[in-house]
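Working notes, beginning with the structure itself.
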Amino acid sequence: MAKKTVKQNEIGLTKEDYKGEPTTLCLGCGHNAIVGQIIAACYELNIPPESVVKISGIGCSSKAPTYFMDRSFGFNGLHGRMPSLATGALFGDTSLIGIGVSGDGDTASIGMGQFKHVTRRNLPLLYIVANNGVYGLTKGQFSATAEQGLALKKQGQNRYVPVDIVWEAIAGRASFVARSFSGDPQQLKALIKAGIHHRGIAVIDVISPCVTFNNQDDSFHSYAWGKSHEVALHELSFVPPVRAIKVHYEKGESLEVSLYDGTHIILKKLEHDYEPTDRVKAFQMLEEANDRNELVTGLIYINPKQKSLFDLYDLPETPLNRLSNEKLRPSPESLAEINQVMF
Amino acid sequence: MAKPKPESGEGSKTKKVVNEFSINIATVNGSGSQTANLTLLRAIYKMGIPVSGKNIFPSNIQGLPTWYKIRVSKSGYAARAKKTDITVAMNPKTFRDDLEDLAPGGLFLYADHIKESIDREDVLLCPLPVKNLAREAKPPRELRDYIANMVYVGVLAYLLDIQMDTLKNALDFHFKGKQGPVELNFSVIQNAVKWAEAELELESPFKIQPLDLTDGFILANGNTAGGLGTIYGGMHFVSWYPITPATSLPEAILEYAPGLRKDPETKKSTYAVIQAEDELASIGMVIGAGWAGLRAMTATSGPGLSLMSEYASLAYFTEIPIVVWVIQRVGPSTGLPTRTAQGDVNMTYYLGHGDTKHVVLIPGTVNECFEFGWKALDLAEKLQMPIFVLSDLDLGQNQWMTTPFEYPKTPIDRGKILWEEDLEKIKDDWGRYLDLDGDAIPYRTVPGNRHPKSAYFARGTGHDDYANYSEKPEDWEENLNRLKRKFESSRPLLPEPEISAQAGATNGIIAFGSTDAAVREASDHLAAEGVKLDYLRLRALPVNSQVLKFIRDHPRVYVIENNRDGQMHSILSLELPDFPSELVSLSHIDGLPLSAEWIKEVVLAEEKS
């Protein structure tokens, strides 16, 4: 019998090295697909798991970090407060890659404040919202992203208009905003890769159906609706610098976005003629898609040049959490000087 | 030619009160009186007389009444004095009340443009031509009102014999040597002195005479001290949200850290400060930072502390070192946001849901604010838990005479942190919550550690010793009991109480925090009336064995505090073994610092009962 060889990436790790605990989410839950694409993206990007920090809030979505990358530090914090935890943690060592996982309740209801402020500060963080329009762990209440008129078993009809997370992120001046769909794994993986390499906040609103409480065919967050209404803005690929073999597209057929570290995102034009570099155009496109009842997916807004939170601080090369004690305590002479002027 | 001061006649018959009186300066807030008041305070201090200043101010930017109370005391008493000996009335709206408040024989200085009737004959009146004198200095129009306050500084200098060079020194300090404003303000003072020399017939019964009692002391406020202590404690990360009266603590860090915390080689900052969107975020960031191995601190007051409650539970449960400064003000609700209180003792000690209890350090002097600033960071990392530092507005924002800040005697203690090389040496599996040393304090790794065995998953949910999710009853109970053992083990590590014994004392007093000055003064007065009491000042919760011994050794102990319900009394009652001692709660809250007079009165009443 031939010896079975296990495939390894360029840093000698197998897919197994990127896995977490077995999922305890429902069979068919959209969030499992997200977990799968995070694992695939990090494996393919040759990221050492120890370089990643996973942070989440509370809810089905926020359980997800348990199910990927056991060898990464993780923190399952408070409902709606993932952004503050991530902000403090990433100051510890700014070379870490932050992956935040949140849900629609976690981000668009209880956590709206922290969500808006983390986008405004442009913290380098991949911020994935697993958006299913419903509270799962408390068994089927409307979330803030549920569409008006949605009917749920015990809740009746939803009275209110929904929050659009992508719209809010763009208004919050996030520097990378995308929407994807659990049923479109290739696009999701490319967006995750690009988001990880983006220096700043990368919000990906992933429509991720809840098969238990909100998967009716006519529900906006169901597989069936997503499959039949998804309109991809472009075919998206992520190109790491080492593989920068020129991909040739016909002029005017594609758009190339360079990220700060020399990687690129290539957006191959589909039927829409859309450039994701203008906030006003992004709002307009979202409104029109909404009117046409379309689920537009893809990279909706990007500004790779916007300063990240860490660019605004004059931090040393050595991570703050590795500074020696001598660097942390000023001299006795300096205190004597302070005592001199205290009056 | 200046008129000579009256050397004989009426003035000299009255005995002069030297270096032991209080001044109440009534102004309108936003009128710039703070510069004038601090100049007076600093000048008297520079003449070597112990002095303290208390700002009784409204929650407002401009237009409401504000008072600055300066207490000059050669005896070293720094508590709020109930009696006012000298009043400076600059606010028409409070004029009548201010006049009424003045003690008989007192000195009443007032702006002569205030047209209120004066119906007291038992005080000395001194109208001040404030507007005229200010105009003579020809200040820019927008500064006219501000520098008008220097008129009362000058007239008081003349009346009380405050030395001109000390006033100049104080102005130099205030304006950081900027000659323009120093000269402008000083010229108003000089004009006012000249006017007083020429026009005033009045002789002040109150005088300042130089002493050397401030040698070896500094003048500072607790929030600046706390901020500096934090900087010398090696903090890496501060996140905060503005709230009175805590704001000036992080602001002190913003003022001093840039000069003190640059890496000498790279010139880069060895810390970061973020003003968060609210207190939920400020403590959240601090917990994230503490988890990632940063010495992290936030500062707040009652309303902000309530918001931090859920996160405090998380930090307690996940064993993340953080420091939270609580600068108390009057609650409940918005309450009196610019007035002092000790009403958040219970909330701080028990902050959070489920079984939580926290270590609370309680500074009672400005110097201790500095000391607990660095000590809190050490304790947090050593014990891997939130450490609260409980101060209040009176200690935090007012100017106190204090011994100089002492450089930390012990090196920075980072606690049990494992880096890559430490993990290399560990043969068995490493577990985040394993109690390897039997002291209930586990070892921790921090994000950024690149060893394959370094990572663990922090969670607010139940977990086993290896940080894996667990709902097993025995895992839950064992973990929570270990947290309790850890909390209990903190008792001997915390600042010991300060005990002042008096020969012949039977009963005792327990107090804490900013009431120290009032308690000491009251003790002296009580002793003079034959009531001798030992005094224990608590400096931390949970209490240690010395506190229990003190209570056991005294048949009756008065617990004195600035709140309604006697919160410290209730904590002590709960923690106390079955002693026969009687623990009597004496608490009071009205928005003002406790006075020695009140303490003396209520203790005397108890002693007689």
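Letters A, B, ... are given to chains in the order of the sequence lines, protein chains preceding strands, and every chain is numbered from 1. Since the structure is predicted, the reported quantities are computational estimates derived from the model, not experimental observations.
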Item to check | Which atoms of T445(B) approach chain A - backbone, side chain, both or neither, heavy atom under 4.5 Å | outcome: both
Checklist entry - Does any N or O in the side chain of H236(B) come within less than 3.5 Å of the main-chain N or O of L320(A), such that one atom is a donor and the other an acceptor? => result yes
Next on the checklist: Report which part of V52(A) has an atom under 4.5 Å of a heavy atom belonging to chain B: side chain, backbone, both, or neither.
Outcome noted: neither
Checklist entry - Relative to chain A, which segment of L260(B) carries a heavy atom at a distance below 4.5 Å: side chain, backbone, both, or neither? => result both
Next on the checklist: Can you tell me which of D93(A), D17(A), N76(A) forms the most heavy-atom pairs within a distance under 4.5 Å of chain B?
Outcome noted: N76(A)
Checklist entry - So what's closer than 4.5 Å to chain A heavy atoms on F370(B): side chain, backbone, both or neither? => result side chain
Checklist entry - With a 4.5 angstrom heavy-atom cut-off, which part of P264(B) approaches chain A: side chain, backbone, both or neither? => result neither
Item to check | Side-chain ion pair, E50(A) and K453(B), N-O less than 4.0 Å | outcome: no
Checklist outcome for this item: From the list S331(A), P49(A), G80(A), P332(A), the residue making the most non-hydrogen contacts under 4.5 Å with chain B is P332(A)
Item to check | Heavy-atom side-chain contact between L96(A) and R450(B) under 4.5 Å | outcome: yes
Checklist outcome for this item: Ranked by heavy-atom pairs below 4.5 Å to chain B, first place among R121(A), M69(A), E326(A) goes to R121(A)
Item to check | Engaged part of R261(B) at the chain A interface, taking heavy atoms whose separation is under 4.5 Å | outcome: side chain
Item to check | K382(B) atom NZ, over 12 foreign heavy atoms within 6.0 Å | outcome: no
Checklist entry - Given the options D70(A), L335(A), I55(A), T318(A), which has more heavy-atom pairs under 4.5 Å with chain B than any of the others? => result L335(A)
Next on the checklist: Aromatic contact between F73(A) and Y456(B), with the criterion being ring centroids under 6.0 Å apart: yes or no?
Outcome noted: yes
Checklist entry - What part of H451(B) gets closer than 4.5 Å to chain A, counting heavy atoms only: side chain, backbone, both or neither? => result backbone
Checklist entry - chain A heavy atoms under 4.5 Å from L377(B): which part of the residue, side chain, backbone, both or neither? => result neither
Next on the checklist: Please determine whether a side-chain nitrogen of the Lys or Arg among R81(A) and E279(B) lies less than 4.0 Å from a carboxylate oxygen of the Asp or Glu.
Outcome noted: no
Next on the checklist: What part of Y232(B) gets within 4.5 angstrom of chain A, counting heavy atoms only: side chain, backbone, both, or neither?
Outcome noted: both
Item to check | chain A contact via F237(B) - which portion, at a heavy-atom distance below 4.5 Å | outcome: side chain
Checklist entry - chain A heavy atoms under 4.5 Å from K46(B): which part of the residue, side chain, backbone, both or neither? => result side chain
Item to check | Worked verdict on R329(A) versus T270(B) for side chain to side chain donor-acceptor pair (under 3.5 Å) | outcome: CA-CA 10 Å; R329(A) 176 166 285 168; T270(B) 59; over 6 Å; no
Checklist entry - Do K327(A) and E265(B) meet the salt-bridge criterion of a basic N to acidic O distance under 4.0 Å? => result yes
Checklist entry - With no hydrogens and no angle check, is any side-chain donor or acceptor of D314(A) less than 3.5 Å from a backbone partner on S269(B)? => result no
Item to check | Side chain / backbone / both / neither for Y469(B) at chain A, heavy atoms under 4.5 Å | outcome: neither
Checklist entry - In terms of heavy-atom proximity below 4.5 Å to chain A, should S239(B) be classed as side chain, backbone, both, or neither? => result neither
Item to check | Residue T318(B) versus chain A: region with a heavy atom under 4.5 Å | outcome: side chain
Next on the checklist: Is L228(B) close to chain A through its backbone or its side chain, or both, or neither, when contacts mean heavy atoms under 4.5 Å?
Outcome noted: side chain
Checklist entry - Which bit of I58(A) is near chain B, if near means a heavy-atom gap under 4.5 Å: side chain, backbone, both or neither? => result neither
